[in-house]
**Student:** 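First the structure, which I've put down as structure tokens, then a few questions once you've had a look.
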Amino acid sequence: MSEYQDIPSLYGSSVFSDKEMRARLPREIYKRLAASIATGEELDPAVADATASAMKAWAIEQGATHYTHWFQPLTGTTAEKHDSFISPQKDGSVIMELRGKELIRGEPDASSFPSGGIRATFEARGYTVWDITSPAFLYDNGDTKTLCIPTAFCGYNGEALDQKTPLLRSMEAVSRQAVRICRLFGDNLTQRVTTSVGPEQEYFIVDRETYLKRKDLIFTGRTLFGAMPPKGQEMEDHYFGAIKERVSNYMKDLDIELWKLGIPAKTEHNEAAPAQHELAPIYNTTNVATDENMLVMNVMKKVALRHGLVCLLHEKPFAGVNGSGKHNNWSLTTDTGHNLLEPGRDPQKNWMFLLVLAAMMKAVDEHAGLLRMSAANPGNDHRLGANEAPPAIISMFLGDQLTAVVDHIIRGSEETVPSASIMRVGVSTLPFIRRDATDRNRTSPFAFTGNKFEFRMVPSSGCIADANTVLNTIAAEAFGAFADELEKAEDFEAALHALIRREMTAHQRIIFNGNGYTDEWVAEATRRGLPNLRSMVDAVPELVKPASVALFAHQGVFTEKELRARADVSYELYAKTINIEALTMIDMAGKDIVPAVVRYTGELARAAREVESLSVDASVQKELLTRVNVLLRQAGDALADLRVKQEKAAALTGAEQARYAHDVICPAMEVLRAPVDHLEMIVDGRLWPMPTYGDLLFNV
Ligand code: ADP
Ligand code: MG
């Protein structure tokens with residue numbers, strides 16, 4: 001692969017990067033554009049026109065014929081509407097054109113995107129607005145190349161109809177409040193504080209031919225039936241070698257595609273389930289990281305097809321095998337380059353770090369339910385709280401040393417934290433925590449990992465915007481509250497120390513360094529009063545409870561109307577997902593599985609009769625027939641029951657429908673699955689109508 005040899009010239013070649021802008025735009029225009037990108041200020045029309053024209057020329061040189069405003073509606077995926085550059089002229093000819101106003105604003109017919117009732121279909125108007133801080137890129141779809149312009153999508157009155165608008169608002173909010181914290185410590189240089197995110201993406205790779213024989217994977221992204229293979233996750237290392245070549249060719253190709261898009265990916269094998277892998281990019285500004293992650297998911301799927309593979313992004317494609325998530329690594333950095341989550345060596349900055357840490361404890365403790373909701377999707381219900389990483393209860397892992405520091409502060413102790421490393425608490429000598437001092441706790445949903453927090457609940461198939469919007473907003477709120485108090489203080493140092501101690505004491509309960517998978521932790525968390533929202537349906541109300549409404553309004557991130565709309569969209573998404581799953585099960589069980597088992601009982605009955613006709617003992621045949629028949633009866637009853645319940649669900653709407661789907665349909669699906677999985681293990685393999693877990697997990 002020769003492309004692999006010249007990575008520097010390949011890297012970012014499909015992006016209208018800063019380098020490209022600098023080279024192609026008149027110096028004055030470039031300066032004004034760069035200033036707008038840095039400050040987020042509106043572009044003036046002359047700059048927009050010149051930029052559009054240069055962008056178009058670049059795209060056409062690379063073979064593009066169309067452009068699109070690329071956005072993230074509330075469907076959880078990306079959307080685009082392609083327009084060609086062609087602009088007919090009076091003389092019947094065409095020119096290739098992209099005007100500034102087309103670059104900046106688009107007006108897709110948006111009536112069919114979910115809006116939670118914000119926009120009735122008769123007032124379908126929605127606008128896409130260029131996010132100038134996220135670079136435009138070329139999307140290569142075989143024969144066609146399209147210039148993609150990352151945009152935010154909102155309604156006629158500016159209501160957010162997408163994931164990006166609130167995310168951008170939350171970035172503004174956290175910057176505003178974090179700058180106030182910087183000022184308290186005499187930092188008068190910082191103008192902006194940016195949140196950075198590095199999302200580690202987990203995924204499964206399966207063979208496409210095998211995949212195509214599974215209706216459940218095709219329609220729902222996960223297996224709805226399937227018995228465990230004789231060998232599962234326990235043998236992961238042994239099977240590692242066997243999957244290597246095909247998958248590593250895929251990864252190599254994936255790297256190239258992502259590098260062209262300027263996405264700094266390093267792919268690697270995952271150590272968890274068979275056929276499961278992970279891709280970690282280098283972190284970026286939150287909105288850019290979000291766009292990049294949407295692209296990563298898209299390109300992963302696209303490149304897999306080229307290799308005769310399918311990339312599964314579902315949170316739980318296989319029962320009994322580890323699921324997939326995203327580790328959302330999050331940090332805050334000033335425009336002068338200081339990471340506010342860096343414990344550091346400098347005493348003054350350490351007090352600042354402790355203040356930031358206290359703010360994060362307060363934020364996560366007070367809004368644990370919201371954070372949980374931000375990671376909710378129907379697929380994640382199979383991971384969170386299901387004895388798998390991580391539990392549905394939000395807690396914060398700080399590691400032993402940092403926890404000891406917090407303890408000492410709470411107790412008002414001036415003594416040195418007993419540790420091998422240089423760590424003291426007191427007024428003048430301050431803790432210094434080495435990066436590797438935070439040991440690796442894998443079970444915590446929210447872990448401090450050296451100079452960032454790692455939010456590990458995020459669903460593998462979802463958009464990371466939700467989680468980061470909440471993180472930014474709750475951090476902003478806590479920073480704001482602290483700044484309000486400390487800006488007024490007469491004796492800053494005394495007030496600072498008192499505040500840190502008070503807040504760490506008040507929110508101590510959120511810290512947990514133990515094993516989050518145990519039942520003891522669930523009991524302990526209940527004692528501490530920490531919420532345990534086990535399902536998405538349980539979590540949705542968090543969006544609209546008074547504390548959340550007040551929080552988002554205060555930070556200017558969501559209006560109450562927007563929150564209610566999002567709750568509606570969430571219920572609908574949940575109910576629709578479960579409905580598709582139920583219908584798929586009904587289809588598979590009714591049309592494929594039951595008929596196959598009926599055939600098998602026929603074979604067994606004939607065999608028994610034939611054997612008996614020779615006066616030979618047929619008890620084995622009969623016993624097997626009886627067992628199969630009992631399970632078939634159970635499956636038949638469960639199928640009939642699921643049919644009835646699915647129809648009932650279809651008659652409901654909104655929260656009621658989602659609740660019913662969760663409380664009634666999901667258990668009914670489990671009741672159908674159990675006898676079928678059992679049958680899979682005893683029915684003649686030749687007759688089983690679809691590939692097994694073994695075929696799917698060990699066939700690549
Ligand atoms: P790990 O030990 O978990 O592999 P890494 O340092 O490799 O940690 O980082 C994992 C992810 O975290 C990567 O995507 C990386 O880019 C991201 N990351 C590292 N530092 C930061 C930071 N300061 N802010 C946000 N993300 C970060
Ligand atoms: Mg990680």
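When a ligand or atom number is given, it counts from 1 through the structure's own listing order.
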**Student:** Looking only at N/O atoms, are Ser331 and ligand 1 under 3.5 Å apart anywhere?
**Tutor:** yes

**Student:** Do Arg306 and Glu257 meet the salt-bridge criterion of a basic N to acidic O distance under 4.0 Å?
**Tutor:** yes

**Student:** In terms of atom number and element, which parts of ligand 1 are under 4.0 angstrom from non-hydrogen atoms of Ile282?
**Tutor:** 16 (O)

**Student:** Going by an N to O cut-off under 4.0 Å, is there a salt bridge joining Glu172 and Arg169?
**Tutor:** no

**Student:** For atom 19 (C) of ligand 1, state which one of Lys326, Glu278, His327, Lys452 supplies the nearest heavy atom.
**Tutor:** Lys452

**Student:** Can a salt bridge be assigned to the pair Asp484 and Arg180 using a cut-off of 4.0 Å between side-chain N and carboxylate O?
**Tutor:** yes

**Student:** Side chains of Asp162 and Thr165 only: does a donor on one sit below 3.5 Å from an acceptor on the other?
**Tutor:** yes

**Student:** If the contact criterion is a heavy-atom separation under 4.0 Å, does Lys266 count as touching ligand 1?
**Tutor:** yes

**Student:** Is it the side chain (CB and beyond), the backbone, both or neither of Glu200 that lies under 4.0 Å from ligand 1, heavy atoms counted?
**Tutor:** side chain

**Student:** Quick check on side chain to side chain donor-acceptor pair (under 3.5 Å): which of Asn287, Asp291, Thr151 does Lys164 satisfy it with?
**Tutor:** Asp291

